[in-house]
Chemist: 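Following this message is one structure expressed as structure tokens.
Since the structure is predicted, the reported quantities are computational estimates derived from the model, not experimental observations. Order of the sequence lines fixes the chain letters, A, B, ..., with proteins taken first and strands second; residue numbering starts at 1 for each chain.
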Number of protein chains: 2
Amino acid sequence: MTKDLYQQLARLGKAAASPARLQLLDLLCQGPRTVESLSNETGLSFANASQHLRVLYAARLVETEKTGLFVTYRLPDDSVCSFFQALRSLGEQRLAEVESILRQFRDAPHSLEPVEKRALLSRVRKGDVILLDVRPEEEYRAAHIPGAVSVPLKHLNARLATLPRGKEIVAYCRGPYCVLALEAVRLLRAKQFRAARLEDGIPEWRAQGLPVAAGQDSR
Amino acid sequence: MTKDLYQQLARLGKAAASPARLQLLDLLCQGPRTVESLSNETGLSFANASQHLRVLYAARLVETEKTGLFVTYRLPDDSVCSFFQALRSLGEQRLAEVESILRQFRDAPHSLEPVEKRALLSRVRKGDVILLDVRPEEEYRAAHIPGAVSVPLKHLNARLATLPRGKEIVAYCRGPYCVLALEAVRLLRAKQFRAARLEDGIPEWRAQGLPVAAGQDSR
DNA sequence: GACATATTCAACTAATCTATTGAATACTTG
DNA sequence: CAAGTATTCAATAGATTAGTTGAATATGTC
């Protein structure tokens, strides 16, 4: 009977055994997306992305919703993202290569200290700090830190004029291993803005019991 | 750079993609063991068990220690067992087949209600309840619930005479999916003992912050 | 109904994985 | 040093997986 258990759990292990599928899961942690969007974001060919999504679907790790021509893939509940984070945590503890990658992110200049996150929220509410969400807007709409402004990295240059120079700017993206916020901070500081990177993405933020909003930018 | 991350995490996924390796990890959660012991307990051939252990070693999920002819495999730290439990938890939430297996265990007669575990400890200390650890003795020595008596299932019949009839007996083994305690309870009740099964194994017990002892039975 | 679009399927090739078998290695014992 | 024991390695065959290519399917538009 317990052979069955290991057989079933191995289904999940197999689903997690491909770099492509892990990247898809990581993206879906930020919010639901279509196959086209996932293909674009990951660089996988269309057919290949679809194939991997079917594998994840067979393992019950994703759900689908069809709207007209478009199929939207989403994570069925938090357990899948929690599992992805457990896998990543294990990697951080057991694999020097993962620790090294994380170290590179953390040693990058202008990373926010692991400050009390609620203090950050408070300063954002007071207007003392501008919080930028530099992910693609569909991810912002799915979930974002309250008070954050959506300025996708690819639009950052065009939006610089709208950013106040006198205030500190904190940028975040998909989490500890995402380069978007690093890039944004680099760009902002090159233009003499005071900027820093927040390591947390939405899943990490949510896991700490911190508040999360959704929908359009309320500005 | 983040492609690297997924590549590295996929190493861990691949290690977890085999039923045989998951069973080995599950056993090692109970304590260190030799190849021979692992082979016997899992039913894998010697060479096959060794091969899978080498894969786990390459993924940095196990460590080895050689003593004379014998190689002892162990989990390097709690993160590996925590990951196994995260995988199992995901299975419980996402796979009907895993939920069904768990249901079969929970619906078995004479399973202890998820009672306050500290109350159980108290009653064991008072001598009101006899707590039996029915795993192989080497697992008991590695770690056990304080106050538990080691009576491996295969020796239970021979040890019946030493068990008091007037007291309640609670048996536990490797965790929610282990049949040893179910079998022990069945046997005990057939001989008119008052017996029940505790679902928790040592990893589950430890994860709840409950105390764990190690070494020989102190009776 | 033809055409366009989004997605999935099927077939193929190459790579990877699993279990077995027999050999090799490392260590112990007499 | 030979023999025994525990473990790992290498080779093999068969099974499974990954990515590509082209076809098929489902839906929308005109």
Chemist: Measure the distance from CZ on A/F46 to P on D/dG19 and round it to the nearest whole Å.
Modeler: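 From A/F46 CZ to D/dG19 P: 16 Å.
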Chemist: Is the phosphate of D/dA6 approached by B/Y73 (side-chain N or O, under 4.0 Å from OP1 or OP2)?
Modeler: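 No.
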Chemist: So B/E36 and B/F70, side chain to side chain contact (heavy atoms under 4.5 Å, CB included) or not? Walk me through it.
Modeler: CA-CA 9 Å; B/E36 182 183 37; B/F70 292 89; 3.7 Å; yes
Chemist: Check whether any side-chain N or O of A/Y140 sits under 3.5 Å from a backbone N or O of A/A148 as a donor-acceptor pair, and report yes or no.
Modeler: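 Side chain of A/Y140 to backbone of A/A148, a donor-acceptor pair under 3.5 Å: yes, one is there.
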Chemist: What is the distance from CD of A/Q7 to P of C/dT18, rounded to the nearest Å?
Modeler: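 So the two atoms are 12 Å apart, to the nearest Å.
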Chemist: Can you tell me if A/K14 touches the phosphate of D/dT17, counting only side-chain N or O atoms and a distance under 4.0 Å to OP1 or OP2?
Modeler: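 A/K14 to D/dT17 OP1/OP2: side-chain N or O found under 4.0 Å.
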Chemist: By salt bridge (charged side-chain N to carboxylate O under 4.0 Å, His left out), which residues pair with B/R33, not counting sequence neighbours?
Modeler: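 With neighbours one apart ignored, the set is B/E41, B/E138, B/E139.
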Chemist: Mind calculating the distance between CZ (A/F70) and P (C/dT8) to the nearest angstrom?
Modeler: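 Interatomic distance, CZ of A/F70 to P of C/dT8: 12 Å.
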Chemist: Produce a footprint string for nucleotides 19-30 of chain C: one letter per nucleotide, 5' end first; B if the base is under 4.0 Å from any protein heavy atom, S if only the sugar-phosphate is, - if neither.
Modeler: BBB----BBS--
Chemist: Starting at CG of A/L22 and ending at P of D/dA18, how long is that distance when rounded to a whole Å?
Modeler: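 My rounded result for the distance is 11 Å.
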Chemist: Before accepting this row, confirm whether a basic side-chain N of the pair B/R174/B/D26 lies closer than 4.0 Å to the acidic partner's carboxylate O.
Modeler: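 Salt bridge absent between B/R174 and B/D26.
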Chemist: Between B/S50 and D/dT7, does any side-chain N or O lie under 4.0 Å from OP1 or OP2?
Modeler: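 False: B/S50 side-chain N/O out of range (4.0 Å or more) of D/dT7 OP1/OP2.
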Chemist: Among residues 57-64 of chain A, which ones have heavy-atom contacts with DNA chain C below 4.0 Å?
Modeler: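 Per residue number, the list is empty: none.
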Chemist: Would you say A/R11 has more than 12 foreign heavy atoms packed within less than 6.0 Å of its CZ?
Modeler: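 Result for CZ/A/R11: enclosed.
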Chemist: Hey, is B/R88 close enough to B/E204 for a salt bridge, meaning N to O under 4.0 Å?
Modeler: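 Yes, this pair counts.
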Chemist: Measure from CG on A/L38 to P on C/dT8 and round the result to the nearest Å.
Modeler: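 After rounding, the reported distance stands at 10 Å.
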Chemist: Mark yes or no for whether B/T42, through its side chain, and B/L38, through its backbone, hold a donor-acceptor pair below 3.5 Å.
Modeler: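 At least one qualifying donor-acceptor pair exists.
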Chemist: For A/E36 and D/dT27, what is the distance between atoms CD and C1' respectively, to the nearest whole Å?
Modeler: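 Between C1' of D/dT27 and CD of A/E36: 15 Å.
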Chemist: Just how far, in rounded Å, is P of D/dA6 from CG of B/N40?
Modeler: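 Atom-to-atom, B/N40 to D/dA6, this comes out as 11 Å.
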Chemist: Ignoring backbone atoms, establish whether A/R21 has a side-chain N or O less than 4.0 Å from OP1 or OP2 of D/dT17.
Modeler: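 Answer is no, no contact under 4.0 Å.
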Chemist: Rounding to an integer number of Å, can you tell me how far B/R54 CZ sits from D/dA10 C1'?
Modeler: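 Between C1' of D/dA10 and CZ of B/R54: 14 Å.
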Chemist: Verify the ring-centre separation between B/F83 and A/F83: is it less than 6.0 angstrom?
Modeler: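 Between B/F83 and A/F83, which both carry aromatic rings, the centre distance is below 6.0 Å.
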Chemist: Which heavy atom of B/L61 sits nearest a heavy atom of B/L75, and at what distance?
Modeler: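 For B/L61 and B/L75, the tightest heavy-atom pair comes out as O-CD2, 3.7 Å.
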